[in-house]
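Lettering follows sequence order; numbering is per chain, from 1. Nothing here was measured: the structure is a model prediction, and the numbers come from that model.
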Amino acid sequence: MIAVLVMAGTLCHLAGSGAMIQSRPPETTALDIPGPVPTERPQGPRCIRQRILASVLLLAGCEGPQSALVPAGVDAQALHLLFTTMLGGAIVLWLLMNGFIYWFSHRHPAAFSEIAARWLIVLGGVVTPAIMVGALLVWGLTLLPDQRIAGNGLRIRVHGEQWWWRVAYQPPGTSGPIISANEIRLPAGRRTEFILTSDRVIHSFWIPALGGKMDMFPGRETRMSLQPETPGRYRGQCAEFCGASHAWMAFEAVVMPPEEFDAWLKAEAKDARPPQQDSARKGQQIFRREGCGACHTLRGTEAVAQVGPDLTHIGNRHSIGAGRLGATLDDIALWVRHTGDLKPEVHMPAFPHLEPAELRDLASYLKGLK
Amino acid sequence: MTNQEHEPLPDEERREFSAETGSLWRLTLTPLTWAMHLVLCYATISLACARQLFPVEVARLGLIGASVLALGFICWQGWRAVRQWNVLTTGVLTHPNGKAEDRHRFLGHAATLIAVISAIGTVYTTLPLLLLEGCR
Ligand SMILES: [Cu+2]
């Protein structure tokens, strides 16, 4: 039982890769258990208690915003059921195999009749695996088309860049797309279609809590659809190695009640808000002076370049730099000053010559772009 | 066939072994069918989907037909192999002696098992044809 727990804990750890970053490594969890640290290997019930505790702590690593084990949508639920069924099956098989080993080596070590041995091989080695693998194959194949069933109208184009995401919302019945970047908002309870493309290399689009992943290819369109159910914030991650900052190519996925989503999308379609306070006005000057508009768009201003992410409503985002940092004033200042340190080989220059006060003004300008 | 030990005549072994050339070749037929079926499926679907040479639905139905043929052939060869193994009439599974008769039955035994694997493999390759439609 304990071994199973430990096994499950380890598996969880592997499966919830986002949680893996956040939780402590397994070696330290064992030391974190309260009580005196024993010098010798503890024996008996205490040892068992500790191991169960360690396993529970490991299982806690399955939670978090980027876990396929805590599904928040229809598609992730389907995959979760497949996963838990396979895990359950693996545990049963493991117990059976070890039970057999124990039984035949300790309890019943006498010779086995040849006929029985042959039946065991044929049934256990050929018939059962063929049926089980076949059943899993059929199950998996019936899940595949569900990844692309038609949505309820909203389409989102996502274009993979090194190392960030262009996002364009295309609600039904509107003319132009609504451009955004590095954050994807979705209405709960509705199915949204994704049209995925890529700039120079292959990326993979994956929001583990909401569904399976889909590769993004240069020069080719792939499609998938997602139906999230539980409003909340989740984390998406590029799941195909795409260069130096691949690991920093993430994004926030925000699932909202449909009315809130509609209101947000309406606001997202608007032009950038002019700066309100003095510091933000100074920040706008710095933005112009430093030529940020040579790469970034602020709709409604003279900044119309498309090299980098659209910053029109950056003030509403929960993260910047494709999930690299939070979105506080300090984070924005840090990003502009230490871009390349935060994200190796990033295609935005750092601006180390800016004074702290200038960085603060710049940050308050960007933060005000709600 | 005699049971007596004797010094093998020159070339005797070679002749004895060559008697099984046919069933040795037959052994490879079922995995070859499986392999060709796999290549045919992949090639046809990609020609239909990537090159649009013909409609994918036509490709799919044609390949399902080809799968039935392939499975039929594998079953037929499998049945021949079972008869060569001769387990159903004798009830004897193994062939521990290195005599011609043992060799003959052993090759039937092996061909049976390979036919079973090939049939399973071919069924697995066919499942996507039955369950997935279109180029997705
Ligand atoms: Cu990537």
Could you check whether atom CZ of A:Arg118 has more than 12 heavy atoms from other residues, nucleotides or ligands sitting under 6.0 Å from it? yes
Given B:Leu131, which of A:Leu143, A:Leu144, A:Leu137, A:Val138 fulfils the side-chain contact (heavy atoms from CB on, under 4.5 Å) condition? A:Val138
Measure across A:Val133 and B:Tyr124 and return the closest heavy-atom pair with its distance rounded to 0.1 Å. CB-OH, 3.5 Å
Residues B:Pro128 and A:Leu141: closest non-hydrogen pair is N-CD1, 3.6 Å
Using a cut-off of under 4.5 Å on heavy-atom pairs, state which of B:Ile117, B:Val116, B:Leu127, B:Leu113 scores highest against chain A. B:Leu127
Neighbours of chain A found in residues 51-60 of chain B - heavy atoms under 4.5 Å: none
If you count heavy-atom pairs under 4.5 Å between each of A:Pro145, A:Gly140, A:Gly134 and chain B, which one has the most? A:Gly134
